Amino acid sequence: MKSIFLFLIIVILVLVIVLIWSKFFIPDTIVSKIKWGVSFSQKQSEALGLDWRENYLAILNDLKVKFLRISVHWDLIEPIENQYDFSDLDWQINKAREAGAQIILAIGMKTPRWPECHLPDWANNLSPEKQQERVNNLIREIVLRYKDEETIVAWQIENEPFFPFGECPKRKKGFLNEEIKIVKSLDNRKIITTDSGEWSFWIKTAKRGDVFGISLYRRVWSTTFSFLHKIFPFIPDGFYLTYPFPPEFYSIRVKILEKLLNKKVIVAELQAEPWNPVATSVSLQEEQKKTMDLEKFKEMINFAQKTGLDEFYLWGAEWWYWLKTKQNNLLFWEEAKKLFIN
């Protein structure tokens with residue numbers, strides 16, 4: 001609890017400095033040359049009741065996306081211990097190559113999409129040491145299989161590995177260093193490490209990779225203060241929260257990080273779908289609109305441009321396709337298309 005309050009105090013101080021600095025010293029500029037991409041998860045597409053292959057092809061061939069971040073979920077690749085199934089991932093990579101797209105491959109135990117840590121059933125009861133041994137083997141198999149695949153431009157090792165979000169087991173100490181060492185011993189492509197854009201100091205994660213990726217969210221369902229509900233029951237255990245941070249909150253922190261570590265910073269996860277108390281697949285559309293509607297989507301793109309960063313991977317392409325094919329709502333899909341075709 002003390003660490004939460006300490007972090008909040010520091011965030012407030014940084015925010016005050018940023019607001020003063022941005023008001024008097026930073027012009028309101030928009031970056032024009034931006035690399036727009038999307039994240040894709042086979043499991044998320046299936047959770048929405050979609051044909052994930054159809055969804056993926058629409059992203060490549062209709063949206064014309066040329067930059068992808070693909071989640072490689074452990075339970076899909078190794079559903080049975082020591083028996084690897086790369087057929088679906090091979091297909092995704094082959095189709096991206098045919099479309100002239102580039103891929104960031106996110107690998108490890110914790111990869112993008114809930115529950116974050118995608119352990120196969122057989123690995124759930126292993127000790128942290130044994131789990132890490134199996135994850136190391138998984139990473140080794142993936143890198144060896146695709147090390148000569150030019151479509152893959154970078155390896156993302158784990159997803160926000162030090163940020164306490166998701167249903168994850170206790171990890172072996174030094175797990176991220178082990179995984180990065182394995183990848184570097186097998187391949188020389190850049191390694192990306194990621195962290196929360198709003199609730200982290202960044203340094204611990206950023207110093208370990210060649211490129212650093214952050215998340216960027218504006219309107220979320222927050223349970224950050226749920227501990228207060230246990231003390232004061234009249235306080236809700238969750239509520240919708242709009243982060244008060246201006247674009248400069250990110251741009252100034254990025255400039256400081258670049259000076260300290262000389263690392264390129266990208267937005268690996270830009271909010272472009274709802275964040276509700278329950279899964280998107282079962283939440284009502286009216287509830288979804290509380291955190292994401294078309295106007296919020298447009299505002300998010302404008303906000304992102306003002307951060308000064310030049311590479312973003314939007315979070316929500318599966319949801320846009322769900323809206324288009326299951327709800328007869330083409331608005332998000334067509335609005336997103338403007339980013340990738342222009």
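Values below: every heavy atom of this structure, side chains too, minus hydrogens, waters and symmetry copies. Nothing here was measured: the structure is a model prediction, and the numbers come from that model.
- Checked against a 6.0 Å centroid threshold, the rings of F165 and W114 count as neighbours.
- Put simply, the residue from F303, Y243, W275 that forms a ring pair (Phe, Tyr, Trp, His ring centres under 6.0 Å) with Y217 is W275.
- Using a 4.5 Å cut-off between side-chain heavy atoms of Ile, Leu, Val, Met, Phe, Trp and Tyr, L76 forms no hydrophobic cluster with any other residue.
- Within the structure, disulfide bond (SG atoms under 2.5 Å apart) contacts touching residues 241-325 (residues at least two apart or in different chains) do not occur.
- When hydrophobic side chains of Ile, Leu, Val, Met, Phe, Trp and Tyr are connected at separations under 4.5 Å, L330 ends up as a singleton with no cluster partners.
- Distance CD1/I182 to CD1/I157: 9.5 Å, rounded to 0.5 Å.
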Just list the side-chain donor-acceptor pairs under 3.5 Å for residues 254-262, sequence neighbours left out, or say none.
none

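- Residues E335 and K296 are not paired through a salt bridge, judged by the lack of any N-O separation under 4.0 Å between the basic side chain and the carboxylate.
- Contacts of E178 classified as side-chain hydrogen bond (donor to acceptor under 3.5 Å, both in side chains), with partners at least two apart in sequence or in another chain: N136, K172.
- Between D210 and K264 there is no salt bridge, since no side-chain N of the basic residue sits under 4.0 Å from a carboxylate O of the acidic one.
- Contact check on R218 versus E299 returns no salt bridge, with no Lys/Arg side-chain nitrogen under 4.0 Å from an Asp/Glu carboxylate oxygen.
- Evaluation of the side-chain hydrogen bond (donor to acceptor under 3.5 Å, both in side chains) rule for Y240 yields N276, E287 as partners, not counting sequence neighbours.
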